Amino acid sequence: MRLHRFFRMKICVGFALVLMLWQCAPQLRHTAPAVEEVHQPEIRICLDDSLREATLRFDGNFLLELEEARYWFDETIGELNVSVRGEYLVIKNDKRFFELTTPLQVVFQPQYEYNTFYWNDIPYSGKLLLYLDKSHRLVINQLPVEKYLEGVVPFEMPTQNPEYREAIFAQTIAARTYAWYAIEHPENEFYHLFADERDQVYRGKLRSSPLIETAIKKTRGKVLALNDHSVRVQFHSTCGGILEVRSDSESTNGNPNTITMAYDLMDNEFNCKISPKYRWVEVRTAETVLQNLKHEFQLDSSLVQKWLDEGFHLTIEVVSRKPGGRVNQLRLVVNEREFLVDGYRIRAVLRDDVGEMLPSELFFINQSPTNPGKFYIVGAGYGHGRGMCQWGAIGMSLRGYNYHRILNFYYPELSIKTLYQ
Amino acid sequence: MRRETETTSIHSGQTMVRWASVILLLVLSSSVFPQMSPRLKQFLESRNFLELIEAYKQEKIVLWNEGNKVRQEKARPYVVADGYRCQVLATSSREKAVAEARKIESLKLDSVYVIEASPNLYKVYVGNFQTRRDAEIFLDRLRNAGITDAWITPAKIHVPKAPVVKAPIPTPSAEEEEAVGKTFFYAIQVFATLDSTKAFTLRDTFSKKFNQPCEVIQQGKVWKLLLGKFQDRASAGELLTRLQNEKITDAWITQVAR
Ligand SMILES: [Zn+2]
């Protein structure tokens, strides 16, 4: 709440400053649009929630307003090192030195919309906010939703192929819906979404393509809505041909998590068959699984070492499957010690040697007939299988379906709504 | 009625076992993981995954890891047995024992061991002999070399293991072959030798270096190394070029029946 007020104040100050500058430098007025866009909400993205050290540089003018003075930053200042040293936030290079006491809230405010700051060499537009106190070390990027999408969609889908156009349109609308829901249902007072896999991967202006720009422009303000309300949409890379359908509590009368399945099938063809993860085979050893269990359940190192030295039996049992065949619960027994895992953890305990998660929960296992310590995992898809299958959308796009049809196929209960023009 | 049901279930059981072996065979034949062989990929992609689960799932498996201790034991080039050694020295000084051991080692007669028999008692032993007779012959050699105050003592000795020859890669059983259909593939014969151990050592080297499956096959007394597994001659040709670039000129493409 405190920060909220702070933001508002900063926006006002920033806005006033921009107006002042306009009057001082009328020649700029014709070449550059102002920062604010009408009716479009801004979103706050957490770039880092445990800041220790980072690099920062600017392309164009940014204003840092502190109690004692205002400071302008631009490309002439070069790269700055930002670090948290005990009670202080230190921002420095050979030209500038700031040592700011925490708790603090600072805003780097761009003069124009196209100004860019580089945080750890990744270019971003919008404001950079740093928020530090005893329990937070947050780095936040605040920017208009449409700008945010430019840094999201290219990381959700391959965007160079013009034939993927309708799928990219569908993905853009899904991503905007995701952002809209987060803005309407903030989980904390500081930011709406993470910039990593916890939400949607967001990498600022790092990657762009004409197709993305078109998709964002042509679908501007369009979101999916459930009876006109914002809704938490889900999507994933590849369902492997089998989608997981969860009915919401309202429609199932107090049965909150009824899971059913649907085939990702159109014209007698599985839509995501073209995905590189449509089918996969992985191999694991008992030892790798034991190491994963050690990590997941924080097992005592000496106990694990004893098993590794003296030998162990590992039982892997699929206890139950969901209607679509996805593993619901996995039981693992090392000698006499039993572990029950479900959900996300199923993929975690079956990580490979370098820590890569199992692609999905849609799999079956086969013991190696020659090596008693080895087994195979034959699987399908990548991700949880809920909501839109991105490779399925691409498959539909390739066969000539438009984004309305794609969205309607994956989100039959939702309809498209225009939030702003 | 009941009888009929039984027959049906047994029959489908057999079918399942056979298909399970087929899928495993396919999995195994794609030895470069996690890449699937084109044949396995095609097979998996051509079916609804729910049906694949039903047909091939093993919902419970029990794995066994023998443990590092056993593995190290197996990796050791010797086994421990009862026998004889020549004892050269017993002393309370570790330095003295080590110095004496170094001296004998420099004679290059046999293995030398410094063993802490009890706290502050170090013994220097030479050799590993299964019979007292062998030890006596060695004792003479020691004396000739100037070590005159050595004597024979019963001891735990290291006996070298017989060289391990890995079994050739198992060929699919008749049933599996029938199910997959008899097929041919192209490979590169890169080496032929009478020495099976050498063939198996080289197999691993080749397989790693070129990231290709490598098989040892026996024809009469000759062990042949076949590198790669290709559906067509052209692909095999590409590998052959790679081999030739690596100065392996004595290799050629061969067609193998599976
Ligand atoms: Zn799909």
Side-chain angles (χ1 to χ4, degrees), chain A residues 239-242 261 263 265 270 273-274 278-287 289-290 305-321 323-327 330-331 333-334 352 356 362-381, chain B residues 16-75 166-173 175-176:
Chain A
C239 73
I242 300 158
M261 61 150 290
Y263 285 119
L265 188 76
F270 284 107
K273 199 171 174 179
I274 46 169
Y278 182 64
R279 298 282 183 265
W280 43 265
V281 178
E282 300 262 327
V283 64
R284 296 287 184 272
T285 62
E287 191 174 333
V289 177
L290 178 58
Q305 197 53 51
K306 183 174 173 266
W307 285 334
L308 287 171
D309 283 342
E310 292 171 9
F312 61 94
H313 279 102
L314 170 68
T315 305
I316 305 177
E317 186 185 0
V318 175
V319 181
S320 57
R321 290 179 184 273
R326 287 185 170 76
V327 176
L330 203 61
R331 177 173 164 266
V333 186
V334 184
D352 67 10
E356 194 77 34
L362 187 54
F363 64 85
F364 60 89
I365 50 179
N366 264 246
Q367 188 151 15
S368 159
T370 52
N371 182 338
K374 200 162 96 169
F375 65 106
Y376 299 98
I377 311 175
V378 183
Chain B
M16 244 158 84
V17 168
R18 197 172 66 203
W19 275 103
S21 61
V22 173
I23 202 166
L24 274 168
L25 182 76
L26 289 165
V27 167
L28 289 169
S29 68
S30 59
S31 50
V32 191
F33 276 104
Q35 219 170 326
M36 284 182 279
S37 73
R39 203 151 54 117
L40 177 59
K41 190 169 142 58
Q42 200 197 355
F43 172 75
L44 294 175
E45 285 183 354
S46 65
R47 279 158 178 79
N48 177 344
F49 201 75
L50 272 179
E51 286 164 17
L52 286 173
I53 293 176
E54 278 316 307
Y56 304 118
K57 67 180 177 187
Q58 292 176 356
E59 296 295 71
K60 184 174 179 178
I61 60 173
V62 182
L63 305 167
W64 166 240
N65 181 306
E66 60 192 358
N68 294 328
K69 282 184 183 161
V70 174
R71 252 194 302 278
Q72 278 160 13
E73 190 84 17
K74 281 185 181 168
K166 280 188 200 163
I169 292 174
T171 48
S173 69
E175 191 190 20
E176 285 166 339

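Note that the coordinates shown come from a computational prediction; the quantities given were computed from them, not determined experimentally.
When the side-chain contact (heavy atoms from CB on, under 4.5 Å) test is applied to N48(B), the partners found at least two apart in sequence or on another chain are I242(A), Y263(A), F270(A), L50(B), E51(B).
Contact of L290(A) with chain B is not made at all, since no heavy-atom distance falls under 4.5 Å. Using a 4.5 Å cut-off between heavy atoms, E45(B) touches chain A through backbone and side chain atoms alike. Heavy atoms of F312(A) lying under 4.5 Å from chain B belong to its backbone as well as its side chain.
Between chain B and the options V333(A), N371(A), L308(A), the largest number of non-hydrogen pairs under 4.5 Å is found for L308(A). Ranked by heavy-atom pairs under 4.5 Å with chain B, the list A380(A), G381(A), G241(A), A286(A) is led by A380(A). When each of R331(A), E310(A), K306(A) is checked for heavy-atom pairs under 4.5 Å with chain B, E310(A) comes out on top.
For the pair R321(A) and I53(B), the minimum side-chain heavy-atom distance is below 4.5 Å.
K60(B) NZ to T315(A) OG1: the interatomic distance, rounded to the nearest 0.5 Å, is 6.0 Å. A distance of 12.5 Å separates NZ of K57(B) from CZ of F363(A), quoted to the nearest 0.5 Å.
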Inset, instruction - Start with the C-alpha distance between L52(B) and R279(A), add both sets of side-chain angles, then the distance that settles side chain to side chain contact (heavy atoms under 4.5 Å, CB included), and finish with yes or no. - result: CA-CA 11 Å; L52(B) 286 173; R279(A) 298 282 183 265; 4.2 Å; yes
Legend entry - CA sep, side-chain torsions, deciding dist, call: Y56(B), V378(A), side chain to side chain contact (heavy atoms under 4.5 Å, CB included): CA-CA 10 Å; Y56(B) 304 118; V378(A) 183; over 6 Å; no
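Not one N or O on the side chain of N366(A) forms a donor-acceptor pair closer than 3.5 Å with the backbone of Q58(B).
Checking L63(B), I61(B), V62(B), N65(B) one by one against L314(A), the side-chain contact (heavy atoms from CB on, under 4.5 Å) holds for a single residue, L63(B).
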